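Comments concern the structure below.
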Amino acid sequence: MHIDTRLVHTGRATADQSHAVNPPLVRASTTLFPTLQEYKNSYHGRVFETLRYGRSGTTTTFELQTAMAQIAQSETCIATASGLSAAVAVLAAYAGPGKHILVSDGVYGPTRIFCEKELVALGTTITFFSATDDVEQLILPETSLVYIEVPSSLTMQMLDAVTICSAAHQRGIPVACDSTWGTPLYFDAHALGIDLSIHAATKYINGHSDVMLGLITGTHAHLDAVRIWCDRSGSHVSPDVCWLALRGLRTLAVRMPRHQENALAVAEWLCTHSRVKQVMFPVLPSDPGHALWKKQFSGGAGPFTFELQSCSEAEFEKFINALNLFGLGTSWGGFESLVMPVIPHYLRALKTQSDAGRLVRLHIGLENPDDLCADLAQALDR
Ligand SMILES: *Cc1c(COP(=O)(O)O)cnc(C)c1O
C-alpha cells in the first residue's frame, strides 16, 4: 500500500467504538481493570504498548505509535515528550561507562550538547565525525552506536547513510538517524539500513506549530533498551498531543510537496540575488550534497540556510526586522514561513567560514512563493 493511503487509514482502530472518523482522545492517569487477572496481565505486556498506567500511554498514544510505525514501515514506535527527548532516549539507552558512540558533527545543537555534557559525564566516550571521515576507521571494539543526522541541522550537509550503515553493520553496531528533515514521506530511513529512526514530530509530522513531540521507529530488538530507558526515566507524552499529531499526520503527503516546491522556488530566487553569497540546500543541483540527496531522498523539505554578503550587525538587524511574512523564531515544519539567524556556536563544521557573512535559516511554508520572494526582496533592499 502506498504511503499516502497508509497516512489516511492507519491508527484509527479505536474510532470504531464511537462511530467517528478519528480515534477518541482518552486522557487518563489511572487505567482501571475489571479483574485482578487483567491488572496482573497489564504488567506482562510491553510498556508504552499496553494499557497499564497513564504515564505509559492511553489508546490515543498507541494509535499514534501504530500509525507512525506503519508509515515508517517499522515494527514499532515509541512516542516521547519532544524531538530532543527522543534523541536523548536513543543515545542514553546505548551509552554507559566504557562505551563509545560515534556522532556526526552536524547534529542538532542540543543533541550535541547532551553528548558532550551528559554522556561524557556518565563515562561514555564520544567521537564526532565529519562527512568526509571514514566511519569504518573510527569504529572501536567498545563502539555501541553510530548516530547521524541527514542533512545536518543548519549547515544542510549531506552524509552517505548507506555507506555508514554498511560499515557499522559489518561490526554488528546499530545506526540511529535523526530523520526529521526528510520525514518518512521523503526519507525511507529503514530501507536505507538505519536501525533507529528519530523524528522531531514537533515539525512536519504534526505540521501546525502547536505541539512538542518525538517519535522513534525501529524493530522491537533495537528499541528494547530505549523502551526500558523511557520507562525508568518517567518519559510521557500527553494524549492530547498524540491526538493532535495524528490529525496533522493525515495531511503530510499533501503538505510536503508544496513545502518542497515553494522552498525550491525561493532558494532558486535567492541564488540570483546580489546580496546573497550562497544558498545551502541539497535540493539545488548546484549544492555539493545534491547527488547524495538524490540517492537517499525522494523529496526535499522547507528549511534551508543561506549566507548574506558581508554586512554590519545593524544592516543584518534591518533585514530581519523588515520581513513581514517570515515569523522570527526557532523551530519549523508548520504551515508558515519562519526566519532565524544561525547561531555560529553550533557551526563547528563551518569553522573556516568568515564572520563577515551572516547565515540565515529559513523555513518555507505553504504561502505563495511569489509573495515570499517579494517579502525577501524588500527586506534585502534595506
Ligand atoms: C527541532 C529538531 C529537533 C528537536 O525537536 P524538539 O521537538 O524541538 O525537541 C531534533 N532534531 C532536529 C533535526 C530538529 O530540527
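For the numbers below, each heavy atom of this structure counts, side chains included, while hydrogens, waters and symmetry mates do not. Quantities reported herein were computed from a predicted structural model and do not represent experimental measurements. Counting convention: from 1, in listed order, for ligands and their atoms alike.
- The pair E136-R171 does not count as a salt bridge, with every side-chain nitrogen at least 4.0 angstrom from each carboxylate oxygen.
- Scanning for salt bridge (Lys or Arg N to Asp or Glu O under 4.0 Å) contacts around R55 gives an empty result, with sequence neighbours left out.
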Enumerate, one pair per line, all nitrogen or oxygen atoms of ligand 1 lying under 3.5 Å from a protein nitrogen or oxygen, stating the separation to 0.1 Å; write 'none' if no such pair exists.
residue  : atom   : partner : partner atom : Å
ligand 1 : 7 (O)  : G83     : N            : 2.7
ligand 1 : 7 (O)  : T202    : OG1          : 2.5
ligand 1 : 9 (O)  : G83     : N            : 3.2
ligand 1 : 9 (O)  : L84     : N            : 2.9
ligand 1 : 11 (N) : D178    : OD2          : 2.6
ligand 1 : 15 (O) : K203    : NZ           : 2.6
ligand 1 : 15 (O) : W332    : NE1          : 3.3

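- F335 belongs to a hydrophobic cluster with L366, counting contacts under 4.5 Å between side-chain heavy atoms of Ile, Leu, Val, Met, Phe, Trp and Tyr, direct or through other members.
- For S209, the side-chain hydrogen bond (donor to acceptor under 3.5 Å, both in side chains) test picks out E336, with sequence neighbours left out.
- Taking the six-membered ring for Trp, F297 and W181 have ring centres closer than 6.0 Å.
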Intermediate values then yes/no, side chain to side chain donor-acceptor pair (under 3.5 Å), Q137 and D133: CA-CA 8 Å; Q137 306 264 305; D133 285 332; over 6 Å; no
